[in-house]
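Let me begin by presenting the structure, written as structure tokens, before commenting on it.
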2 protein chains.
Amino acid sequence: MPLDDRKKKILYAVITDYIMTAEPIGSRTIAKKYNIGLSSATIRNEMADLEEMGYLEQPHTSAGRIPSDKGYRFYVDSILRNYINNDPPISHNTREEIIVEFDEIVKKYARILANITHHTTVAKMPKLNPDRIRKIQLIPVASNKMIFLVVTDTGIVKNYLLNLCQNVDRTIFEFLNNLLNEKIAGKSEKDIFEFLQKDLRQMLGEVAFIADELINTILLSLKQLQETDIYADGTSHILDFPEYKDLGKAKNFFNLLDNKPLLNEVLEPEVDFIDVRIGSENKFEEMKDLSVIKTTYKINGRVVGTIGIIGPTRMDYRRLINEINMMTKELSNLLSSIYNDEI
Amino acid sequence: MPLDDRKKKILYAVITDYIMTAEPIGSRTIAKKYNIGLSSATIRNEMADLEEMGYLEQPHTSAGRIPSDKGYRFYVDSILRNYINNDPPISHNTREEIIVEFDEIVKKYARILANITHHTTVAKMPKLNPDRIRKIQLIPVASNKMIFLVVTDTGIVKNYLLNLCQNVDRTIFEFLNNLLNEKIAGKSEKDIFEFLQKDLRQMLGEVAFIADELINTILLSLKQLQETDIYADGTSHILDFPEYKDLGKAKNFFNLLDNKPLLNEVLEPEVDFIDVRIGSENKFEEMKDLSVIKTTYKINGRVVGTIGIIGPTRMDYRRLINEINMMTKELSNLLSSIYNDEI
DNA sequence: ATTAGCACTCAATCGAGTAGAGTGCTAATA
DNA sequence: TATTAGCACTCTACTCGATTGAGTGCTAAT
């Protein structure tokens with residue numbers, strides 16, 4: 001059975017209505033509220049077809065129909081198809097303050113997005129490839145303490161405090177700094193590993209005693225550069241949805257938000273455009289009755305993180321896709337203008 | 001009317017029971033479950049007295065009694081009084097990994113505390129006095145970019161990226177580093193402000209063009225060192241409490257958790273011991289039916305942050321006070337062992 | 001001073017009855 | 001032949017009165 005124009009129209013009407021009301025929709029409602037030009041009986045027949053085809057579901061025999069995940073998928077696809085061709089122009093935001101912490105900016109945007117959408121938003125902070133290290137600096141802070149500083153090409157800085165078991169002369173730092181910058185900054189992960197395993201110890205010469213600690217720190221920093229941080233905002237918005245009056249569901253949702261590793265997976269960027277995962281399309285059992293709209297934000301075209309909206313499968317996809325697109329464009333613009341040129 | 005021994009016993013029984021069951025308690029229940037050695041009628045009379053005295057409340061005329069905030073206060077005070085005299089010894093935890101990010105450690109402890117208590121926990125990350133700056137370092141990362149690094153005496157490092165409008169020669173950094181360390185590191189806030197306003201510009205001489213940016217950055221860093229970060233975990237636990245089946249209440253709670261500035265105020269340390277705020281004892285309207293148990297964690301005796309447990313006024317104060325005390329002691333130990341000696 | 005007993009109160013629960021939205025099917029209609 | 005009107009049927013949600021039961025306050029007896 002083909003999904004002809006009339007069926008599409010009716011399906012569209014059912015989904016739109018359900019998104020607004022959260023109530024199952026009957027044929028009569030459709031006939032009255034949407035001028036399809038058909039009687040309720042005809043619509044009834046079509047709805048039975050749509051159910052058979054898997055686009056709609058019936059909570060119980062004498063209830064109206066609600067959209068299935070497949071139904072939402074149809075809806076989202078048709079929105080996205082429409083959308084991809086007329087990218088709205090965005091206001092160009094120039095930086096206001098020069099010095100802002102990266103995380104703070106992203107959090108702020110996630111917060112704004114939560115506020116305007118009235119949904120829970122999650123943001124994944126920069127994931128940086130370890131071959132993007134631009135500079136390393138060792139800074140003595142005490143006779144037996146130093147800070148190991150890593151700067152990446154997007155200006156993100158990570159630092160580690162090293163406790164040394166032996167005092168290190170100040171002049172040695174110069175030597176170490178040069179060595180590390182030469183051998184690590186800008187190098188590929190493979191090269192770095194090779195250097196650490198083979199050459200480092202010999203090259204250190206008289207200061208070989210800090211080799212272990214140095215290697216550990218460098219490995220840790222490489223590992224951490226690949227790690228990400230998750231931030232959630234507007235968490236309480238989920239409770240605005242009547243479907244979450246069920247406390248068990250609500251509890252699952254909040255558990256999910258506390259489960260950072262899982263959120264991290266969920267927000268892993270997979271396509272280069274707005275990515276919508278509806279209900280069971282999500283990889284995780286925990287998310288089977290939630291939808292996620294996610295998209296990446298960038299610095300000068302390079303993906304640095306993800307922002308997502310999480311809500312019930314009944315969500316206003318049209319509006320949310322629009323809003324998340326606007327916000328991430330803005331965010332990418334702002335970040336690009338701050339971390340604008342090569343470091 | 002005095003709170004005699006018999007009244008105390010009954011009050012204690014009512015509160016203990018209510019903490020377990022979340023149901024109003026009647027006189028008969030008390031008579032049966034707790035061997036006070038009195039009939040329900042007598043207990044009934046005593047309970048009427050306790051209500052008159054403000055320790056108990058009645059949700060409606062023919063219901064049992066529940067503890068008022070004043071009742072909980074009595075309960076908590078008697079626990080604390082008991083507690084303050086026999087501080088249990090704690091296992092001494094030595095550091096396992098040398099390099100860990102401060103925030104990660106605190107978050108981990110907050111998470112563990114949430115898990116063992118089954119309550120929502122919040123942690124306030126270090127608040128540092130600006131007169132505690134130990135070292136400042138300017139690091140060139142490109143001809144027109146540099147990193148401004150601040151190290152405090154607890155080893156916390158903050159960094160800021162400066163975009164300069166003009167290129168700066170590498171030799172100048174040495175000069176700036178010395179100047180800033182001499183004039184800012186270890187100085188009081190007042191001294192720093194004076195230096196920034198009066199002397200800095202002249203001292204800069206030929207590099208005066210970076211004065212504005214430098215001053216702004218320093219001011220910002222001073223401001224940020226006083227700011228704090230809030231982390232919440234175990235948020236979904238609140239839904240385990242039957243009193244939070246009321247969605248409005250639940251929503252308020254989650255709004256509260258999203259409201260970082262307010263949480264910040266709530267976690268402001270006020271006393272040097274475990275601090276319990278019951279219902280209306282909290283400053284904020286938003287928290288009038290929540291209780292907070294909070295206490296500080298320290299590095300070598302200096303307060304660096306706060307951890308708190310948030311839950312309904314009916315909470316198991318005895319157990320929670322014990323557990324938060326254990327955890328913060330552990331945390332303080334660990335932090336002190338990592339950031340052990342003077343930097 | 002304590003307690004037994006009793007009348008009273010009130011929230012919660014249960015069940016029958018009803019309303020109403022919606023369906024599927026059949027027969028009439030354009 | 002496609003559409004529609006009509007009807008019997010289904011099922012949930014809601015209402016409403018009755019009932020239950022825990023709890024109280026008061027009084028009189030111990």
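Proteins come first, then strands; the chains are lettered A, B, ... in the order of their sequence lines, and each starts at number 1.
Taking 4.0 Å as the cut-off between side-chain N and carboxylate O, R111(B) and D258(A) do not count as a salt-bridged pair. Ion pair E243(A)/K249(A) not flagged as a salt bridge, since none of the NZ, NE, NH1 or NH2 atoms sits closer than 4.0 Å to an Asp/Glu carboxylate oxygen. A salt bridge links E268(A) with K124(A): at least one charged nitrogen is closer than 4.0 Å to a carboxylate oxygen. Remark: R277(B) engages E270(B) in a salt bridge, criterion side-chain N to carboxylate O under 4.0 Å.
With hydrogens and angles disregarded, no donor-acceptor distance shorter than 3.5 Å links the side chain of T121(A) to the backbone of I309(A). The main-chain N or O of R6(A) is found under 3.5 Å from a side-chain atom of D4(A) such that the two form a donor-acceptor pair. In this structure, T42(B) contributes its side chain and L38(B) its backbone to no donor-acceptor pair below 3.5 Å.
Taking every heavy atom of residues 12-24 of chain A and every atom of DNA chain D, no pair lies under 4.0 Å. Within residues 51-70 of chain B, the residues that have a heavy atom under 4.0 Å from DNA chain D are, in order of number, Q58(B), T61(B), S62(B), A63(B), G64(B), R65(B). Contacts of residues 25-33 of chain B with DNA chain D (heavy atom under 4.0 Å): G26(B), S27(B), T29(B).
With sequence neighbours excluded, the residues satisfying salt bridge (Lys or Arg N to Asp or Glu O under 4.0 Å) with D49(A) are K7(A).
Contact footprint of chain A on DNA chain D: nucleotides with an atom under 4.0 Å from a non-hydrogen protein atom, first to last in 5' to 3' order, dT3(D) to dT12(D).
Side-chain contact between I36(A) and I30(A): present, with at least one pair of heavy atoms (C-beta onward) separated by less than 4.5 Å.
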Please enumerate all protein N or O atoms sitting under 3.5 Å from an N or O of nucleotides 1-3 of chain C, with distances to 0.1 Å.
{"residue": "dT2(C)", "atom": "OP1", "partner": "R6(B)", "partner atom": "NH1", "Å": "2.8"}
{"residue": "dT2(C)", "atom": "OP2", "partner": "R6(B)", "partner atom": "NH1", "Å": "3.2"}
{"residue": "dT2(C)", "atom": "OP2", "partner": "R6(B)", "partner atom": "NH2", "Å": "3.3"}
{"residue": "dT3(C)", "atom": "OP2", "partner": "S39(B)", "partner atom": "N", "Å": "3.3"}
{"residue": "dT3(C)", "atom": "OP2", "partner": "T42(B)", "partner atom": "OG1", "Å": "2.5"}

Contacts table for residues 282-290 of chain B: side-chain donor-acceptor under 3.5 angstrom, sequence neighbours left out:
{"residue": "N282(B)", "atom": "ND2", "partner": "G279(B)", "partner atom": "O", "Å": "3.1"}
{"residue": "N282(B)", "atom": "ND2", "partner": "L290(B)", "partner atom": "O", "Å": "3.1"}

Solution key, residues 9-17 of chain B side-chain donor-acceptor pairs under 3.5 Å, sequence neighbours excluded:
{"residue": "T16(B)", "atom": "OG1", "partner": "Y12(B)", "partner atom": "O", "Å": "2.6"}
{"residue": "D17(B)", "atom": "OD1", "partner": "K33(B)", "partner atom": "NZ", "Å": "2.8"}
{"residue": "D17(B)", "atom": "OD1", "partner": "Y34(B)", "partner atom": "OH", "Å": "2.6"}

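Defined by atom type and a distance below 3.5 Å, a donor-acceptor pair is present between the side-chain atoms of R44(A) and S27(A).
Screening residues 65-80 of chain A for salt bridge (Lys or Arg N to Asp or Glu O under 4.0 Å) gives E51(A)-R65(A), R73(A)-D77(A), R73(A)-E281(A) as the qualifying pairs, with residues at least two apart or on separate chains. Contacts classified as ring pair (Phe, Tyr, Trp, His ring centres under 6.0 Å) and involving residues 47-72 of chain B (residues at least two apart or in different chains) are given here: Y72(B)-Y317(B). Applying the salt bridge (Lys or Arg N to Asp or Glu O under 4.0 Å) test to pairs two or more places apart or on separate chains, none has a residue in residues 55-64 of chain A.
With rounding to the nearest 0.5 Å, the separation of CG in N325(A) from CD1 in I307(A) is 12.0 Å.
Taking a pair as Watson-Crick or G-U wobble with both distances under 3.5 Å, DNA chain D forms stems of 3 or more consecutive pairs at C:1-30 with D:1-30.
Within a 6.0 Å sphere centred on CD of E52(A), heavy atoms belonging to other residues, nucleotides or ligands number 12 at most.
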